[in-house]
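Just follow the structure's listing: the first ligand is 1, and inside any ligand the first atom is 1.
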Amino acid sequence: MVLHALKQQLLKSSCAFGSWARLMQTQSSGCVYSSTHDFNPKEVREKLQAFPGGSIDLLKQDCGIAILTINNPSRMNAFSGSMMVQLEEKVSLLENWSDGKGLIVHGAEGTFCSGSDLNAVRAISNPQDGMKMCMFMQNTLTRLLRLPLISVALVEGKALGGGAELTTACDFRIMASDGVIQFVHRHMGLVPGWGGAARLVRIVGSQNALKLLGGAVKVDLEFGLQIGLVDGALEAPQAQDSADTLLEQAECWLSRYTKGPTPVIQAVKRVVLSGRELPLSDALRTEKDVFGTLWGGPANLQALASKSKHN
Ligand SMILES: CCCC(=O)SCCNC(=O)CCNC(=O)[C@H](O)C(C)(C)COP(=O)(O)OP(=O)(O)OC[C@H]1O[C@@H](n2cnc3c(N)ncnc32)[C@H](O)[C@@H]1OP(=O)(O)O
């Protein structure tokens with residue numbers, strides 16, 4: 001009898017622990033590849049650093065919205081090797097940003113990102129190095145998508161190849177009137193390798209994904225809105241300081257989802273993420289755990305005390 005009770009207790013706590021561990025695994029460390037997949041991040045970082053140029057810049061603002069800038073304008077913001085390493089570093093900083101609620105990813109000087117730097121691509125065109133770069137970028141972009149922040153890609157100008165893949169690692173995409181997302185991989189004799197195909201299917205469905213990848217179709221604002229790849233339109237830039245104007249518009253667009261206390265916004269992202277990624281039973285358990293962190297908490301008690309109406 002006692003043994004049975006003990007077993008039941010153990011089972012209960014292991015279920016609770018399992019759910020928690022899954023939550024942590026999915027939403028905190030978030031990597032797809034580790035040493036068990038013959039993946040050595042230190043070695044890959046060293047290799048990538050041999051291809052310098054450009055930078056990835058991060059601005060964490062007091063309002064809880066951060067701005068991540070892909071900055072390599074002389075190459076249409078293509079990703080050099082060192083930028084891949086810097087992106088991983090910036091994602092690590094964002095994972096530890098306890099006050100963060102939102103993130104805008106954009107490119108410097110009027111264009112989003114033209115994918116991998118073709119000079120680096122040529123130098124590492126052997127399959128082994130390509131696979132390592134692919135695993136490194138999949139890990140980083142998966143961690144980007146799993147941040148406890150609501151993220152949006154601001155697409156101004158072109159998002160090509162890996163740049164198109166990067167947009168799918170954000171929760172939302174908003175586009176300026178000149179914006180184009182194009183998975184040009186087929187033209188390069190490739191398929192996406194940074195996780196862009198898997199994410200694209202989840203965003204637009206397999207039929208549309210097949211069309212976009214198979215046809216290397218240019219997705220402009222109108223088509224993007226129609227198929228659900230794009231979530232919002234930004235107004236045409238008016239003056240030279242248009243970059244600021246578009247960023248301001250993007251902040252305004254995002255702020256409707258980031259208003260309110262940080263723990264609540266981060267919890268919203270966590271329950272949606274687990275619903276998107278976990279089997280239903282696991283997602284339900286995770287939702288219960290996250291709910292438990294808010295129930296009776298300051299924001300909840302304040303709302304109850306203020307007898308708020310929702311009309
Ligand atoms: C798994 C990842 C797969 C990948 O991402 S593979 C890479 C896919 N991306 C591409 O193939 C983009 C190739 N580039 C282009 O199509 C055009 O340059 C692009 C972006 C439409 C812009 O065209 P334009 O406006 O006419 O400007 P442009 O061609 O004169 O470019 C200006 C300078 O930027 C350079 N650039 C653009 N994209 C680059 C890239 N990905 N890697 C390295 N350099 C790149 C381009 O070479 C040019 O440099 P330069 O002025 O000639 O020194």
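Using a 4.0 Å cut-off between a side-chain N of Lys or Arg and a carboxylate O of Asp or Glu, R146 and E277 qualify as a salt bridge. Taking the charged nitrogens against the carboxylate oxygens, K47 and E43 have no contact shorter than 4.0 Å, which rules out a salt bridge. Residues D171 and R276 are paired through a salt bridge, judged by an N-O separation under 4.0 Å between the basic side chain and the carboxylate.
Atoms of ligand 1 found under 4.0 Å from any heavy atom of M188 (numbered from 1 in listed order, with element): 11 (O). The distance from ligand 1 to the heavy atoms of S74 drops below 4.0 Å at these ligand atoms: 33 (C), 34 (O). Those atoms of ligand 1 with a heavy atom of M76 less than 4.0 angstrom away are 20 (C), 22 (C), 25 (O), 31 (O), 32 (C), 34 (O), 37 (C). Under a 4.0 Å criterion applied to the non-hydrogen atoms of G161, ligand 1 contributes the atoms 5 (O). Near G115, the atoms of ligand 1 lying under 4.0 angstrom from a non-hydrogen atom of the residue are 5 (O).
Under 4.0 angstrom from ligand 1, there are no non-hydrogen atoms of F79. Neither the backbone nor the side chain of H187 comes within contact range of ligand 1; no heavy atom lies under 4.0 Å. With a 4.0 Å heavy-atom cut-off, ligand 1 is reached by no atom of C134. When non-hydrogen atoms are compared, ligand 1 lies under 4.0 Å from the side chain of E165 (C-beta onward) but not from its backbone. Here A78 has side-chain heavy atoms under 4.0 Å from ligand 1, and that is the only part of it that gets that close.
Within the 4.0 angstrom cut-off, atom 5 (O) of ligand 1 has one or more protein heavy-atom neighbours. Distance check on atom 44 (N) of ligand 1: some protein heavy atom falls below the 4.0 Å cut-off. In this structure, atom 47 (O) of ligand 1 is not in close contact with the protein, since no protein heavy atom lies within 4.0 Å of it. There is a protein heavy atom less than 4.0 angstrom from atom 33 (C) of ligand 1. Counting protein heavy atoms under 4.0 angstrom from atom 51 (O) of ligand 1 gives zero.
Looking at T69 and I56, their side chains never come closer than 4.5 Å, going by heavy atoms from C-beta outward. With contacts defined as side-chain heavy-atom distances shorter than 4.5 Å, the pair E251/C63 qualifies. Residues F112 and K158 are not in side-chain contact: their nearest non-hydrogen atoms beyond the backbone lie 4.5 Å or more apart.
Residue contacts with ligand 1 do not include M133, since none of its heavy atoms lies under 4.0 Å from the ligand. At least one heavy atom of L160 sits less than 4.0 Å from an atom of ligand 1. Using a 4.0 Å cutoff on heavy atoms, G196 does not count as a contact of ligand 1.
From the protein, the heavy atom lying nearest to atom 21 (C) of ligand 1 is K158 CD, 3.6 Å. Scanning the protein for heavy atoms near atom 35 (C) of ligand 1, the closest one is R75 CA, 3.7 Å. Of the protein's heavy atoms, L118 CD1, 3.9 Å lies nearest to atom 13 (C) of ligand 1. Looking only at heavy atoms of the protein, atom 41 (N) of ligand 1 is closest to S116 O, 3.0 Å. Nearest protein heavy-atom contact of atom 10 (C) of ligand 1 is S114 O, 3.7 Å.
If you check the side chains of R202 and T168, you find no donor sitting under 3.5 Å from an acceptor.
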| Please walk me through it: do F136 and W194 pass ring pair (Phe, Tyr, Trp, His ring centres under 6.0 Å)? | CA-CA 8 Å; F136 185 84; W194 296 358; over 10 Å; no
| request: Evaluate the side-chain contact (heavy atoms from CB on, under 4.5 Å) criterion for residues F79 and N72: first the C-alpha distance (whole Å), next the side-chain angles of each, then the deciding distance (0.1 Å), finally the verdict. | output: CA-CA 8 Å; F79 261 90; N72 193 7; over 6 Å; no
| task | Output, in order, the C-alpha distance, side-chain angles, deciding distance and verdict of side-chain contact (heavy atoms from CB on, under 4.5 Å) for N139 and E88. | result | CA-CA 9 Å; N139 270 358; E88 188 206 29; over 6 Å; no
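How far CG of N208 is from CG of L229: 9.0 Å, rounded to the nearest 0.5 Å.
Scanning both residues, V230 and L225, for their nearest heavy atoms gives O-CD2, 3.5 Å. When all heavy atoms are compared, the tightest approach of A66 to W97 is CB-CZ3, 3.5 Å.
Within the 3.5 Å criterion, the main-chain N or O of T111 finds a donor-acceptor partner in the side chain of N77. Under a 3.5 Å cut-off, the side chain of K101 and the backbone N or O of I65 do not form any donor-acceptor pair.
At least one N/O-N/O distance between G162 and ligand 1 falls below 3.5 Å. On a distance-only criterion, N119 and ligand 1 share no N/O pair closer than 3.5 Å. Backbone and side-chain nitrogen or oxygen atoms of V184 are examined, and none is located within less than 3.5 angstrom of a nitrogen or oxygen of ligand 1.
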